[in-house]
Amino acid sequence: MTPPPWVFIDLLTQYVGQTVELRGWLYTRRSSGGIHFLLVRDGTGVVQAVINAKEVDAATFDRADHLPQESSLILTGAVRSDKRAPGGVEVTVRALVVLQEADPYPITPKEHGVEFLMDHRHLWLRSPRQHAIMRVRAEVIRAATAYLDAQGFLRVDAPILTPASVEGTTTLFETAYFDLGTAYLTQSGQLYNEAAAMAFGRVYCYGPTFRAEKSKTRRHLTEFWMLEPEVAYLDLDGYMDLAEGFVSAIVQDVLRNRERELALLERDLAPLRGVKPPFPRISYDEALEILKRAGKPMPWGEDFGGDEETVISSHFDRPVFVHHYPAACKAFYMQPDATRPAVVLAADLLAPEGYGEIIGGGQRIHDLALLEHRLAEYGLPRDIYRWYLDLRRYGAVPHSGFGIGIERTVAWICGLDHIREAIPFPRLINRLYP
Ligand code: NSS
């Protein structure tokens with residue numbers, strides 16, 4: 001087998017006693033008694049590279065003494081095992097090539113304000129805390145799709161440019177679309193997911209979704225990623241069964257596979273360990289009772305805000321479903337309850353520890369006349385939903401689905417104060433750069 005041209009730091013322990021090439025960036029540097037210690041990172045980890053005046057030529061030794069943080073470099077050296085070193089190994093440098101000597105790096109160990117860091121998000125992503133969050137994010141997505149794939153779901157992605165709204169017309173981003181008028185950036189893949197579910201039974205889509213939310217909160221992005229399963233012949237209870245198994249699997253996978261990252265983030269693991277089925281299920285009416293008892297009464301018919309969600313979820317030690325919402329606080333497609341049409345078969349999942357709603361979903365209307373009626377009631381143009389109505393014409397069946405917001409889930413699992421750190425490049429009402 002030909003040896004790899006260079007070795008990644010997280011695999012260095014396999015190369016103890018050998019001379020390898022590393023390619024990365026300078027993280028920090030210090031010198032003491034004729035030796036330079038460079039902490040080098042390559043995206044997989046950090047390793048200490050030791051440069052001894054006696055073992056390299058004078059020019060290399062001198063260069064290493066002046067290297068700014070984040071300079072890109074290729075170094076060759078011998079891997080030694082060292083119990084005190086972070087990854088259990090150290091590298092004794094024999095040769096050093098500097099690809100680019102970096103300008104003075106703007107992100108220093110001193111405290112920076114969050115706006116400064118957000119303006120430098122393209123560089124901030126190189127820091128250990130951001131690494132940990134991005135690795136948890138990737139694991140959340142991997143675990144989520146793996147869970148559904150293993151259950152026989154088919155991934156069928158939905159378009160992003162669409163002619164119609166899904167979740168209300170007030171948060172649509174518009175764009176001119178050739179001779180066809182206005183296109184909207186999708187708020188949710190759900191409607192197309194329903195078509196896919198009628199084609200394949202159990203499907204999910206995953207992609208970016210957009211909401212021109214005027215909200216400036218810790219939980220709102222204007223662009224966020226949503227994973228949406230949709231299942232034919234599934235009712236409200238079936239959806240909650242599916243979602244609780246799904247969320248538990250994601251949390252347990254992150255605990256298993258991202259232990260180091262959660263430790264770096266100083267996340268309290270005890271509440272996450274308890275995230276296992278069954279999740280408590282309460283009705284909207286019961287949630288109102290909880291609010292009343294907590295001294296935060298709310299009139300029937302209104303949707304919860306972040307504060308109400310925090311009060312409700314604080315009564316439970318794991319995520320809680322709130323179901324049977326008033327029809328007026330939900331979208332046009334929600335199936336009404338047969339015995340009480342003022343409420344719909346919708347359920348949201350509220351995360352514990354004040355993280356609020358991470359999942360929204362429910363059972364969809366499958367009756368053609370009722371759906372036509374609802375479109376009219378919500379003032380939506382029937383013509384653009386022709387294809388969606390067709391699904392109620394050709395083999396309509398009860399069906400349900402949900403959408404999980406990836407960033408809110410990551411913020412919860414990582415214990416972040418704000419959703420903006422849960423996505424590589426956040427889009428907020430007041431931020432489009434970088
Ligand atoms: O509006 S949702 O509650 N539901 C839907 O979009 C359904 N059409 C999904 C479906 O049934 N297929 O949004 C779902 C989730 C919600 O629980 C949040 O976790 C997330 O999407 N979400 C957001 N995350 C970040 N920022 C914003 N603005 C946001 N809006 C929703």
Side-chain angles (χ1 to χ4, degrees), residues 137 140-141 144 148 153 156-158 162 164-173 184-197 202-231 234 236 238-240 242-243 246-247 250 303-306 309 313 319-323 325 329-335 344-351 355-365 388 399-413 416 418-423 426-429 431:
R137 178 188 168 100
V140 165
I141 297 161
L148 297 173
F153 280 70
V156 183
D157 285 323
T162 64
S165 81
V166 186
E167 298 293 328
T169 50
T170 57
T171 62
L172 286 171
F173 278 111
Y184 305 103
L185 299 183
T186 190
Q187 298 162 310
S188 154
Q190 180 195 320
L191 306 188
Y192 296 94
N193 239 1
E194 290 183 51
R202 284 178 298 173
V203 299
Y204 66 94
C205 65
Y206 177 57
T209 49
F210 305 86
R211 308 235 174 137
E213 304 254 20
K214 302 257 158 48
S215 341
K216 224 171 149 179
T217 77
R218 300 182 293 124
R219 298 170 181 179
H220 287 91
L221 295 164
T222 53
E223 175 180 298
F224 60 98
W225 289 68
M226 185 153 51
L227 193 148
E228 303 179 74
E230 189 74 30
V231 183
L234 192 74
L236 176 68
Y239 141 47
M240 290 191 277
L242 172 67
F246 171 79
V247 169
I250 293 172
D303 204 355
F304 307 125
E309 289 172 2
S313 64
V320 54
F321 287 107
V322 181
H323 53 76
Y325 281 82
C329 36
K330 292 291 172 193
F332 72 96
Y333 52 73
M334 295 285 191
Q335 173 74 21
V344 288
L345 304 183
D348 289 350
L349 184 69
L350 311 184
Y355 282 93
E357 182 200 318
I358 54 167
I359 281 182
Q363 192 173 324
R364 328 304 191 185
I365 293 174
Y388 186 64
H399 60 286
S400 301
F402 68 91
I404 184 169
I406 294 301
E407 291 77 17
R408 286 195 190 172
T409 306
V410 171
W412 162 47
I413 294 178
L416 309 179
H418 197 294
I419 194 170
R420 66 189 158 213
E421 273 185 280
I423 184 165
R427 299 293 173 239
L428 300 158
I429 186 166
R431 178 166 296 282

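Worth knowing before you read on, the calculation uses all heavy atoms, side chains too, and leaves out hydrogens, waters and symmetry mates. In each ligand, atom 1 is the first atom listed, and ligand 1 is the first ligand listed.
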Below 4.0 angstrom from a heavy atom of [X], which ligand 1 atoms are there? Numbered from 1 as shown, please.
X    : value
R219 : 25 (C), 26 (N)
E357 : 3 (O), 16 (C), 17 (O), 19 (O)
E213 : 28 (N), 30 (N)
I419 : 25 (C)
I359 : 17 (O)
R364 : 10 (C), 11 (O), 12 (N)

### Message
For E407, is there an ion pair with R219 - N to carboxylate O distance below 4.0 angstrom?
### Response
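Salt bridge: no.
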### Task
Give the ring-plane orientation class for F246 versus F402, where under 30° counts as parallel, over 60° as perpendicular and anything between as tilted.
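Perpendicular, since the angle between the ring planes exceeds 60°.
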Distance, nearest 0.5 Å, that separates [atom1] of [X] from [atom2] of [Y]:
X    : Y    : atom1 : atom2 : value
K330 : E167 : NZ    : CD    : 8.0 Å
I358 : I413 : CD1   : CD1   : 7.5 Å
I404 : M226 : CD1   : CE    : 10.5 Å
H399 : N193 : NE2   : CG    : 9.5 Å

#### Entry: Under-4.0 Å heavy-atom contact with ligand 1, by part of F402 that carries it
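Just the backbone.
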### Query
Side chain or backbone of R408 under 4.0 Å from ligand 1, or both, or neither, by non-hydrogen atoms?
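Near ligand 1, R408 shows its side chain, while the N, CA, C and O stay back.
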For [atom], grab the closest protein heavy atom and report residue, atom and distance to one decimal in Å.
atom                    : result
atom 30 (N) of ligand 1 : F224 CZ, 3.4 Å
atom 28 (N) of ligand 1 : L221 O, 2.9 Å
atom 19 (O) of ligand 1 : I358 O, 2.9 Å
atom 12 (N) of ligand 1 : E228 OE1, 2.7 Å
atom 7 (C) of ligand 1  : E167 OE2, 3.3 Å

Would you check if [X] and [Y] make a side-chain contact, meaning some heavy-atom pair closer than 4.5 Å?
X    : Y    : answer
R218 : R408 : no
R202 : P229 : no
F321 : L236 : no
Y325 : D348 : yes

### Message
Contact between ligand 1 and Y333 is defined here as a heavy atom of the residue under 4.0 Å from a ligand atom; is it met?
### Response
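Y333 counts as a contact of ligand 1 under the 4.0 Å cut-off.
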### Task
Would you please determine whether T222 falls within less than 4.0 Å of ligand 1 on a heavy-atom basis?
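Not so, T222 does not reach ligand 1.
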### Message
Between Y333 and Y388, is the ring centroid distance below 6.0 Å?
### Response
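They do not qualify: ring centres at least 6.0 Å apart.
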### Message
Could you work out, for atom 1 (O) of ligand 1, the closest of E194, Q187, M226, R211 by heavy-atom distance?
### Response
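When every heavy atom of E194, Q187, M226, R211 is considered, R211 comes closest to atom 1 (O) of ligand 1.
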### Message
Out of G403, P426, S215, who is nearest to atom 15 (C) of ligand 1 when you count heavy atoms only?
### Response
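Nearest heavy atom to atom 15 (C) of ligand 1 lies in G403.
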